[in-house]
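Worth saying up front: this structure is predicted, and the values here are computed from it rather than measured. All values below were derived from every heavy atom in this structure, side-chain atoms included, with hydrogens, water molecules and symmetry-related copies excluded.
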Amino acid sequence: MTKRPLGAQVSHMLKARGVDVIFGIPGVHNQEMYRGIEEAGITHVLARHEQGAGFMADGYARATGRPGVCYVITGPGVLNALTPIGQAYSDSVPVLLLASCLDEVAFEKGQLHQMNDQEGAAASVTDWSETARTAQAAYGLIDRALSEFETKRQRPKAIHVPIKLLEAVADAPPVMRPCMDADTAVPDVTAIAAALSSAKRPMIIAGGGCKPYGDSLRQLAQACGAASFTTYAGRGLFSADDPLHFGSNLSRPSSTDVIAKADVVLAIGTELAEVDIWRPELGHDGTFIRVDIDPEMLTTRPRTDIALCADAGATLTALNAEMPATALSSWTVDEVAKARATWRAEIEAERKGLPQIIDAVRDAVPDDVMIYSDMTGFAYAAKDIWAMDRPAHWHHPFGFGTLGYALPAAIGGAIARPSDPTLCIIGDYGVQYTVAELATAVELQLPLPIILWDNGKLGEIEDSMVNAQIAPNAVIQQNPDFIALAKAYGADAVEPKTLADIAPALKAAFDAKGPTIIRLTPQLTA
């Protein structure tokens, strides 16, 4: 068929471009987008809320590296999805939001789902937000979005299509064109190579932008004898057994003392944002080098001595070609081990009993598990002490910091990796933001263990108020019976009483034909 309603043509176009799964909720305004989904051979995943659909698309994209796509309706559907779209923007995740919109809003008022500026609202949390006024514009914008996901920093895009245009018969979309090449120019790394090769105590700080380039990163570190940190997003790039790796402990206050001992610091593939270091200054005294694909990120840290706007992979390849074979580093294994032991002891003192619970969970999960965590104390502590043996296997709502992320994102990840294990870690308050998505996991029979950390309060906020000398207020909530709630949705639920009970509970959950809530509390005993 060469002619179909545009909504159906869009689904066929997406399938031809490699999209296999769409997350969303149908409505009267976007029903034309659903006309061609089954015919095109695309799987549609029904969320319970547009926020859930957006987070699922995010989780799917992080698991696969391919764009996550969600369909939403005009007005409130778009607004509901903007929280996860904002999270995707913050964490550089390729999510494509396709929404219906009203045909005219300047003159006619009082329409269903009407808002003043739907395109502008989405623009605040996307790379770009555009309205297609013709079928060719819709096709062109989709191809532009998919092309930019491959060639630029991966950030979400929003495309709005008027309802009458979706209903109108349109010619078939153009055949898929070859994607334009990313910038493959070899960056000039002469100054960086010279600084690293002459350094006595070089240091590399690697972020999420290095995830595909772990081998090249480790080769460079070995060549110059560099000590290393990773940001939370870069965990797994270096082995926990690497004797010169300080871990993902940049947020520990005394990491400034360590960084100050480096005579050259290379920060690559990281924004070094507030959520990476949690202080105004990194703490460097030596030469500071920044490599980032985004030019606006290169000026966000004080006193950058060498800045290079380039892809992390191309930069690492070029540096490895120029580095001499002999390292002159004076870092010692003992000083690294001592620092890591100190930070572990600090965390155990701050969060009594929690590190032991985290260790029990870590020891019980498969090596290739992919983890999605939420804004909860369990995850905050785990990000410092849970050593990852591979990158891109722990996903967290870093910059935007959205509560409720983990459950729907883990569903998206589990759909993306049906033969591989996925784990959700979420808190008792955050889970109530998106708990309805448990029904989606039940429908799809996803074997998804959900670690529910239930301390009966907003513990992190309570601690922050106390530290600020504010009398804790509104930090204790009435929780539901989570075991009964899970079972009401048709999920399994268990409540381990001892640390030894955690492993069998997780094994059963990974083997189950559906999700399992595993409620853990501070009252767990050894």
Residues Y60, F23; criterion ring-ring contact (aromatic ring centres under 6.0 Å, His included); working and verdict: CA-CA 10 Å; Y60 180 91; F23 303 90; 5.7 Å; yes

Between R201 and E335, does a salt bridge (Lys or Arg N to Asp or Glu O under 4.0 Å) hold up when you go through it step by step? CA-CA 12 Å; R201 292 173 72 84; E335 65 182 312; 2.8 Å; yes

Given side-chain contact (heavy atoms from CB on, under 4.5 Å), test I371 with H396 step by step and report yes or no. CA-CA 8 Å; I371 299 169; H396 185 81; over 6 Å; no

Would D20 and I42 satisfy side-chain contact (heavy atoms from CB on, under 4.5 Å), going step by step from the backbone distance to the final call? CA-CA 5 Å; D20 296 316; I42 293 176; over 6 Å; no

Checking C70 against I22 for the side-chain contact (heavy atoms from CB on, under 4.5 Å) test, could you report, in this order, the C-alpha distance in whole Å, the side-chain angles of both residues, the deciding distance, and whether it holds? CA-CA 5 Å; C70 56; I22 290 173; 5.8 Å; no

Check against side-chain contact (heavy atoms from CB on, under 4.5 Å), W453 and L354: CA-CA 10 Å; W453 177 242; L354 183 52; 3.7 Å; yes

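Proximity of M203 to F229: side-chain heavy atoms (C-beta onward) are separated by under 4.5 Å at one or more points. With a 4.5 Å cut-off on side-chain heavy atoms, V361 and L520 count as touching. Between V72 and I25, the closest side-chain pair of non-hydrogen atoms is not below 4.5 Å. A heavy-atom distance below 4.5 Å is not found between the side chains of V93 and P156. For the pair L506 and L423, the minimum side-chain heavy-atom distance is below 4.5 Å.
By the 4.0 Å N-to-carboxylate-O rule, D263 lies too far from K200 to be salt-bridged with it. With respect to R344 and D359, a salt bridge is recorded, a charged nitrogen being found less than 4.0 Å from a carboxylate O. Of the charged side-chain nitrogens involved, at least one lies within less than 4.0 Å of a carboxylate oxygen, so that E148 and R144 count as a salt-bridged pair. Between E350 and R252 there is a salt bridge, with a side-chain nitrogen of the basic residue lying less than 4.0 Å from a carboxylate oxygen of the acidic one. The existence of a salt bridge linking E460 and R351 is confirmed by a sub-4.0 Å separation between a basic side-chain nitrogen and an acidic carboxylate oxygen. Checked for salt-bridge contact, R62 and D58 meet the test: a charged N lies under 4.0 Å from a carboxylate O. Salt bridge D143/R17: present, at least one basic N to carboxylate O contact under 4.0 Å.
Within the structure, side chain to side chain donor-acceptor pair (under 3.5 Å) pairs that include any residue of residues 410-422 do not occur (at least two apart or interchain).
At a cut-off of 3.5 Å, with distance as the only test, a side-chain donor of T190 or D188 sits close to an acceptor on the other residue. Between the side chains of S255 and W343, no donor-acceptor pair of N or O atoms lies under 3.5 Å. The closest side-chain donor-acceptor pair between T402 and Y433, if any, does not fall under 3.5 angstrom. Remark: the D127 side chain and the Q154 side chain contain no N/O donor-acceptor pair separated by less than 3.5 Å.
In this structure a side-chain-to-backbone donor-acceptor pair under 3.5 Å is present from H245 to S228. In this structure, the side chain of D292 does not engage the main chain of G269 through any donor-acceptor pair within 3.5 Å. Judged by distance alone, the side chain of S329 and the main-chain N or O of G225 form a donor-acceptor pair under 3.5 Å. Proximity of a side-chain donor or acceptor of H284 to a complementary backbone N or O of L282 within less than 3.5 Å is not detected. When atom types are taken as modelled, the side chain of T304 and the backbone of I306 share no donor-acceptor pair closer than 3.5 angstrom. Panel note: side chain T434, backbone G404; a donor-acceptor pair is recorded below 3.5 Å. Between the side chain of D374 and the main chain of Y405, a donor-acceptor pair closer than 3.5 Å is present. At least one donor-acceptor pair closer than 3.5 Å links the side chain of R290 to the backbone N or O of M297. Remark: the backbone N or O of G401 is paired with a side-chain donor or acceptor of Q87 at under 3.5 angstrom. Checking side-chain atoms of S90 against main-chain N and O of F400 turns up a donor-acceptor pair under 3.5 Å.
Note that the CG atom of L316 and the OH atom of Y213 stand 9.0 Å from one another [nearest 0.5 Å]. Here the CG atom belonging to D276 is positioned 5.0 Å from the OG1 atom belonging to T231, to the nearest 0.5 angstrom. To the nearest 0.5 Å, atom CD1 of residue I358 and atom CH2 of residue W386 are 8.0 Å apart. Taken to the nearest 0.5 Å, the NZ atom of K152 stands 13.5 Å off from the CD atom of E150. To the nearest 0.5 angstrom, T126 atom OG1 is 10.5 Å from I159 atom CD1. From E50, atom CD reaches atom CD1 of I85 across 11.5 Å, with rounding to the nearest 0.5 Å.
With I426 as reference, L452 is the one residue of L452, D454, L403 to meet the side chain to side chain contact (heavy atoms under 4.5 Å, CB included) rule. Across L237, T230, I204, a single residue satisfies side chain to side chain contact (heavy atoms under 4.5 Å, CB included) together with C210, and that is L237.
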